Structures are given as C-alpha cells and as structure tokens.
Undergrad: 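Can you read through this structure? Questions will come right after.
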2 protein chains.
Amino acid sequence: MTDDELDLDAVATLRGAVLRLGRRLRYQTVGDADLSATELAVLGRIGLCGPLAPSALARAEHVKPPSMTKVIESLEDRGLVRRDPHPTDGRQCLISRTEAGETFTAQTRERRTAWLAQRLDELDEPDRRAVLAAAPALQRLADLP
Amino acid sequence: MTDDELDLDAVATLRGAVLRLGRRLRYQTVGDADLSATELAVLGRIGLCGPLAPSALARAEHVKPPSMTKVIESLEDRGLVRRDPHPTDGRQCLISRTEAGETFTAQTRERRTAWLAQRLDELDEPDRRAVLAAAPALQRLADLP
DNA sequence: TATTGTTATACTCTATAACTATA
DNA sequence: TATAGTTATAGAGTATAACAATA
C-alpha cells in the first residue's frame with residue numbers, strides 16, 4: 001500500500017464495524033429511557049457545544065426547525081432543558097440543559113460506556129489495545145467537518 | 001493503567017466517536033431510492049444472513065412483525081426483495097433479495113465506503129494508520145454476541 | 001427585505017389488538 | 001392450542017407551508 005492510496009478493504013471493514021457497533025450502542029438506553037433519539041442527541045449536543053439556538057440545534061441534528069421546536073418543547077416539559085433569551089438578538093433564544101438534563105446525559109453516557117467497556121473486556125489483549133489506541137484518531141475522524 | 005482495568009476515558013472517547021461516525025455514515029445512502037433506515041437494514045441483513053422469514057427479520061431489526069410486514073411490502077413493490085414459500089412450513093415465507101436488491105445494497109455500501117475513505121484521507125498519517133490498524137479488531141468488537 | 005421561531009397540517013414509521021391460516 | 005403472518009387502527013416523529021416578530 002502506497003502513501004497516497006487507501007486500502008479499500010480495510011475501509012470497508014471499518015465502515016461495517018462502525019455501523020454495527022454504533023447501532024448496538026444506540027440501543028443501550030433507547031429501551032428504558034423515555035426519550036426519542038433526537039431528544040437524546042439534543043441533550044448531548046448541548047453538553048458538547050454549550051447553549052445553542054433552536055435553529056443551530058436543528059442544523060446540527062439534521063432536522064427541520066419546526067421539528068426542533070417540538071423536541072425542545074418536550075425536553076422543556078420534562079424539565080431537562082431551559083429556554084433563555086438571546087443577549088443581543090431578540091428573535092433568537094438559547095437552549096441550555098437544566099441540572100436534571102445534565103444528570104440524565106451523564107447517566108446515559110455512563111451506561112453506554114459501561115456496555116462498551118464490557119464488550120472490550122471480551123476482546124483479547126492485542127485487539128483491545130489496538131481499539132483503544134485508535135480512539136483519539138477515531139474521534140478526530142468523526143469530528144471532521 | 002493495569003492489565004485488568006480499562007481506561008474509562010478512552011472508552012468514553014471511543015463511544016462518542018463510534019456514535020458520531022456511525023451517524024454520519026448512515027446519512028450516506030443512495031440518494032434517488034429514498035429507502036427508510038429499516039428498509040436499508042433489511043436489505044443488508046439478508047445479504048449478511050441469507051433469506052429470512054419476516055418474523056426473524058423483525059427480531060433482527062428490532063421492530064414488531066406488523067411493521068416488518070409493511071417494510072417487506074415496500075421493498076417488494078420496489079422490486080428489491082422477493083417472497084418465496086417456506087419449503088416445509090406452510091405458515092412461513094422466506095424473504096430474499098432480487099438482483100436489483102443486491103445491486104442496490106452493493107451501491108450503498110460502495111458509497112459509504114467512498115465517503116469514509118475521503119474522510120480518512122483528511123486525517124494525518126499516524127491517525128489514519130491507527131484507525132485502519134484497528135479496523136479488524138473493531139469488527140470483532142462489533143460482532144461479539 | 002431577510003432571518004428566527006412558531007403554528008397548522010399532512011405524511012411516514014412503528015406499535016397494539018384483532019383476525020386468518022397452518023402446525 | 002400455539003405459531004406465522006396480515007389487517008385495522010392509533011400514536012410518535014418529521015416535513016412543508018404559512019404566519020408573527022425582530023434585525
């Protein structure tokens with residue numbers, strides 16, 4: 001393999017593995033948590049980026065603004081997010097997590113991490129080492145624009 | 001870090017990266033066909049496991065039998081799957097992909113692989129190397145029971 | 001006039017309950 | 001009687017179009 005040519009078989013393996021693993025991770029919590037995937041994603045997004053306007057949340061989570069309006073309403077009804085006025089722009093508002101929202105996000109993250117840690121524990125040592133060594137690079141890969 | 005204790009920070013990083021990357025990969029589909037996530041998953045599942053009964057597909061894709069009935073109807077209407085009688089049990093039927101279904105699945109896989117290859121190309125060399133090196137281990141991780 | 005957010009309405013996907021046919 | 005699959009109906013989640021308020 002040369003420097004400027006990717007091994008497409010390895011890429012295909014990676015694609016399949018990430019899709020299946022991501023799928024199984026998403027099922028952790030979907031079952032007993034009463035939140036939809038987008039509601040969960042919005043809580044996580046705010047944790048990642050800080051308070052955001054509804055339009056920014058809609059863009060980030062690939063839904064349309066009217067859908068995001070409903071998602072925010074639902075989260076607000078459950079006391080998981082709060083709506084504050086934008087400091088300079090009267091049209092906008094900023095959505096933040098409440099303390100309950102932060103707790104909830106932390107619990108979900110913990111549960112998924114625990115599930116993943118259990119799976120990792122079932123790998124042999126070289127595999128586990130390779131996967132964990134690649135984690136920061138995978139993070140940069142996932143966060144590419 | 002000792003041998004029998006996982007670095008939970010690294011596991012958390014991995015969790016986030018796999019979830020985000022999987023999410024972006026799922027968005028890469030064959031545009032003009034307009035299949036739902038479950039329809040796409042069913043085509044992939046049959047490719048993975050061979051012809052399956054509707055009830056088995058429902059279990060595998062975490063939907064209820066009546067939902068799977070509709071998914072199969074839709075795929076059948078598009079000519080992507082075929083319904084054959086079960087050889088010994090008159091109640092059951094077996095869902096297989098048509099040639100068009102196989103072509104479609106291959107195209108989707110190709111497109112997602114191409115998207116991922118492009119992203120990998122934007123990483124620096126050590127990151128790319130780490131990720132590709134971990135691909136087989138990630139596959140084993142994703143396929144754990 | 002353009003942008004942010006909401007309301008009104010319709011469509012898609014999935015679930016539960018009830019029904020048919022076969023084992 | 002139990003199981004596989006379908007039909008009928010209802011409930012989420014999301015989209016488009018139209019509207020109100022602010023820049």
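Each chain gets a letter, A, B and so on, in the order its sequence line appears, and its residues count up from 1. Being a predicted model, the structure only gives us computed values, none of them experimental.
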Undergrad: Between C/dA15 and B/Ser67, is there an OP1 or OP2 to side-chain N/O distance shorter than 4.0 Å?
TA: yes
Undergrad: Specify the separation, in whole Å, of atom CG of B/Leu57 and atom P of C/dT14.
TA: 13 Å
Undergrad: Please pick, from D/dT22, C/dT6, C/dT14, the nucleotide with the shortest atom-to-atom distance to any side-chain atom of A/Arg83.
TA: C/dT6
Undergrad: Report the distance from atom CG of B/Leu75 to atom P of C/dT12, rounded to the nearest whole Å.
TA: 15 Å
Undergrad: Output yes when A/Arg83 and A/Glu76 qualify as a salt bridge under the 4.0 Å nitrogen-oxygen rule, no when they do not.
TA: yes
Undergrad: What nucleotide, of D/dT6, C/dT14, D/dG5, holds the atom closest to the side chain of B/Gln92?
TA: D/dG5
Undergrad: Would you mind telling me which of D/dT6, D/dT14, C/dG5 lies closest to the side-chain atoms of A/Cys93?
TA: C/dG5
Undergrad: Is B/Arg15 salt-bridged to A/Glu110, cutoff N-O under 4.0 Å?
TA: no
Undergrad: Quick one: is D/dG5 close enough that its OP1 or OP2 comes under 4.0 Å of any side-chain N or O from B/Thr69?
TA: no
Undergrad: Thinking salt bridges, do A/Glu61 and B/Arg23 make one under a 4.0 Å N-O criterion?
TA: yes
Undergrad: Are A/Arg91 and A/His86 packed together at the side-chain level, in the sense that at least one heavy-atom pair is separated by less than 4.5 angstrom?
TA: no
Undergrad: Whole angstrom is fine here: how far is it from CE in B/Met68 over to P in D/dG5?
TA: 11 Å
Undergrad: Rounded to the nearest angstrom, tell me the gap between atom CG in A/Leu52 and atom P in C/dT4.
TA: 14 Å
Undergrad: Closer than 4.0 Å, any side-chain N/O of B/Thr38 to the OP1 or OP2 of C/dT14?
TA: yes
Undergrad: So which nucleotide from D/dG5, D/dT14, D/dA15 ends up closest to the side chain of A/Lys64?
TA: D/dA15
Undergrad: With the side chain of B/Glu73 defined as its heavy atoms from C-beta on, choose the nearest nucleotide among D/dG5, D/dT14, D/dT7.
TA: D/dT7
Undergrad: Measure from CG on A/Asp89 to C1' on D/dA21 and round the result to the nearest Å.
TA: 11 Å
Undergrad: Select base, sugar-phosphate, or nothing to describe what B/Ala53 touches, counting heavy atoms under 4.0 Å on all strands.
TA: sugar-phosphate
Undergrad: Return the value, rounded to whole Å, for the distance between atom NZ of B/Lys70 and atom P of D/dA8.
TA: 10 Å
Undergrad: Can you figure out which of C/dA21, C/dT7, D/dA15 approaches the side chain of B/Arg91 most closely?
TA: C/dA21
Undergrad: Could you say whether A/Thr88 or A/Val63 is positioned toward the 5' end of DNA chain D, judged by the nucleotide with the nearest heavy atom to each?
TA: A/Val63
Undergrad: Return the value, rounded to whole Å, for the distance between atom NE2 of B/His86 and atom P of C/dT22.
TA: 15 Å
Undergrad: With the side chain counted from C-beta on, respond yes when B/Pro136 and A/Asp127 share a heavy-atom pair under 4.5 Å apart, and no when they do not.
TA: no
Undergrad: If only side-chain N and O atoms of A/Ser55 are considered, is one of them under 4.0 Å from the OP1 or OP2 phosphate oxygen of C/dT3?
TA: no
Undergrad: Where the side chain of B/Pro66 is concerned, which of D/dA4, C/dA17, D/dA15 is the nearest nucleotide?
TA: C/dA17
Undergrad: Atom CD1 of A/Ile72 and atom P of C/dT4: how far apart are they, to the nearest Å?
TA: 14 Å
Undergrad: Cation-pi check for A/Trp115 against A/Arg119: NZ or CZ below 6.0 Å from the six-membered ring centre and within 45 degrees of the axis, yes or no?
TA: yes
